[in-house]
Amino acid sequence: MAQSDIERQLPLTEATLFIMLSLASEPKHGYAIMKEVESLSEGRVLLSTGTLYGALKRLLDDGWIERTDGAGSSDGGRPRKVYALTRLGRRVLDGEVERLRDLIAIAQLQAAGADL
Amino acid sequence: MRGAQFLCRIYGVLVRFYPRRFRAEFGAEMRAVFAEAVAETTARGWIPLAGLCLRELRDWPGAVLRAHWLTLKERMMSEPLANGVISSGHASTSDGRHAPAPWQEALLAGLPYAFWALIALTSAISHGLGPTASQVGQVVKITLGGAFALSLVAALVFAWRRGWPHWSASWIGYVGLLGLSILGLALQALGAIRGDWWKWRASDIYLYLVVPFLLAIALYILALRDRLKFLLVLLPFLLLLWTLVLEFSVYPLRDIVTSVAWLGAALVATLIARTGQVRTGIWMALALSLAVGLTFSYTGTHHRALSPGTPIGYRSPPTFLDWLNLLIPTMLTTSLMLLEPLLLRRLRSFGQHTGTLGKWGFRLSAVGLFLLLAKNLVRSWWSVSGATFIRLEWGYEASKVFRFSLLEDVALIFYLAGAILFGVALVRIEMSIKKGTLLLLAFVLAIAPLTPVLPIINDSWHWPAVSQMWLTVAGLPWIALGAWLVSRRGVGSVSGAEGQPI
């Protein structure tokens, strides 16, 4: 996918951004994603299971994440599904981070100008 | 511990409201994640637990709606080239044949019609036996009505638990009817309180604009998703339209023919579910409609009980033409309900598989078609409820000049533009002449019942005679041709020059 196509997908919603950020370091299962999002947003974004899996489905459909069988669950049950960023997903995330960085730079410049 | 289990059970029920496909993919995971969240939060006390539950409840309706919307979009996007591949409840083959339902399930599909046949029969018997029997008949009818309502609820719960198999569509049609009737009654009740505008105008708008549009959209979506279910949902609406023909006919004959018609519908619904064949189903539904139409319109013309001096235009004794006048328009209307969504489905399927041109061809023609439909509905509403309202708004002369012809012209331009794009798409993919001709025929048929009579109507006030002539001469061949086309195998199976599916 060309860079312009990726840029057309931006900006991401807050929930999507946090879900993708939570997968940036390593693949995670559903509950771990919920916890990580809560932790990354300092308790501000609390995902319900419905919202989480709705978002995961969209991300899977768009090819931004992929799902594989992980290790067994904590109670020794059947393997849990694990979600990971795809190469495309990582490019989208990078694009969004870049966009936010530019935005902040502009905001800081403007704010500094106002202070002067 | 027991409380946590209870919460997980409740959550399991909430998950059942997600679409089947979504549940199959994520349902188990969602339940596991929720159980894990509950287990961890319980250890922190009841306030965080209540917070978790409230959060789930707050987000649940939106999440369910979004999941349904996504699934619907997915289905429409992946609408297969071949016919009827998407099925819920039973597997289907590419030419619209579904796995035959077991007899028990097929009988469940026919059961709601059998109920109504029984209710009509009770009515006929009580009408025939005099006042005492009439009172008993009322009690039996109320009991049967109650039993039907209970069966409806039981069938819906059962169908929900079984993942909405095909037979459930028969019952869903009744839920739709019930919903529309309740809304209509609510408007009437509002009319009693708020005055005549609500009683007449709002009811007219509802009956002649809202209901047809809602039905058209619902049937089109259903025809896209599953044609077998579409047929089963449609049957009660077909019969209901025919019931209007029986107005003024005598009792108990009216009840007897109604009872036979619903029995016929029960048989057709059972056979459709049992055979699982869309093709046969289309012809069976049309045959039922014709048989019911012949009987009802004969009863409606030859066995009327008119009070002296009432309806103008009814001849006594009635003639063959009177019978035909009652039969043909309703036959065309019922057939339109059946064939139009299937024709559009064909065009859409073709449009989706012939690149950008084909897609735009379909979109433009669909806009044109809906505009024409809207215009015709407005006209019929106008003619039924009197032109006073519109004339008051725009003035008589203005309405005479306007006469919706602008809307009609715009609609035709859209439709023609769509047809041209389709034609170019056909040439570009080098489709065989035979298939191309069939598809263009579908294109013409989709618009045929809506257009030819309109320019004549616009220039003349003698529209009943003209439209009657058009309906009689062209209506029946249109039905036959349309039914042949939509039930024909392989027209939607577009292949490219190399014979590969596009």
Side-chain angles (χ1 to χ4, degrees), chain A residues 5 9 12-16 18-19 22-23 27-84 86, chain B residues 1 4 7-8 10-41 43-44 47-78:
Chain A
D5 291 333
Q9 313 282 339
L12 302 178
T13 63
E14 194 175 34
T16 307
F18 274 117
I19 290 171
S22 74
L23 297 175
K28 289 185 179 66
H29 58 78
Y31 188 59
I33 297 173
M34 271 170 85
K35 298 297 292 175
E36 181 78 0
V37 168
E38 187 180 344
S39 152
L40 283 172
S41 65
E42 296 174 338
R44 201 168 46 78
V45 179
L46 298 169
L47 296 174
S48 65
T49 47
T51 309
L52 171 67
Y53 279 93
L56 288 177
K57 174 157 178 55
R58 276 197 306 278
L59 294 174
L60 282 168
D61 289 346
D62 290 342
W64 295 359
I65 60 171
E66 61 193 358
R67 184 163 61 157
T68 49
D69 279 334
S73 64
S74 52
D75 57 0
R78 62 180 179 178
R80 286 200 282 204
K81 298 286 180 193
V82 169
Y83 298 87
T86 59
Chain B
M1 189 66 187
L7 284 177
C8 291
I10 300 267
Y11 185 77
V13 174
L14 293 182
V15 170
R16 300 275 307 177
F17 285 85
Y18 283 87
R20 214 162 53 90
R21 216 183 262 188
F22 189 93
R23 273 199 331 258
E25 199 175 354
F26 298 110
E29 261 188 85
M30 287 169 79
R31 283 193 295 273
V33 167
F34 181 76
E36 212 167 330
V38 167
E40 200 207 88
T41 319
R44 289 197 274 134
I47 293 180
L49 184 62
L52 172 77
C53 295
L54 284 176
R55 193 162 64 237
E56 290 293 339
L57 272 179
R58 183 199 62 196
D59 288 358
W60 174 74
V64 169
L65 283 178
R66 273 195 302 275
H68 277 284
W69 171 240
L70 264 179
T71 311
L72 182 69
K73 239 171 58 175
E74 211 170 68
R75 279 185 169 174
M76 289 170 80
M77 295 293 285
S78 64

Open item on the list: According to side-chain contact (heavy atoms from CB on, under 4.5 Å), who are the partners of B/Leu14, at least two apart in sequence or on a separate chain?
Closed with: B/Leu57, B/Trp60

Task: Pairwise distance CE(A/Met34) to CD(B/Glu40) - rounded to 0.5 angstrom - done: 9.5 Å

Task: Set of residues satisfying side-chain contact (heavy atoms from CB on, under 4.5 Å) with respect to B/Pro48, sequence neighbours excluded - done: B/Thr41, B/Arg44

- [ ] Provide the closest heavy-atom pair for A/Tyr53 versus B/Val33 in the form atom of the first, atom of the second, distance.
- [x] OH-CG2, 3.2 Å

- [ ] Heavy atoms only: give me the nearest A/Leu47-B/Arg55 pair and the separation to one decimal.
- [x] O-NE, 3.9 Å

Open item on the list: Within this structure, what is the CZ-OG1 distance for the pair B/Arg66 and A/Thr51, rounded to the nearest 0.5 Å?
Closed with: 5.5 Å

- [ ] Give me the contact list for residues 35-46 of chain A versus chain B, heavy atoms only, anything under 4.5 Å, ordered by residue number.
- [x] A/Lys35, A/Leu46

Open item on the list: Is B/Ala67 in contact with chain A via its backbone, its side chain, both, or neither, using a 4.5 Å heavy-atom distance?
Closed with: neither

Open item on the list: Would you say that A/Leu60 contacts B/Phe26 through its side chain, given a criterion of any heavy-atom pair below 4.5 Å between the two side chains?
Closed with: yes

Open item on the list: Applying salt bridge (Lys or Arg N to Asp or Glu O under 4.0 Å), can you list everything that pairs with B/Glu56, at least two apart in sequence or on another chain?
Closed with: none

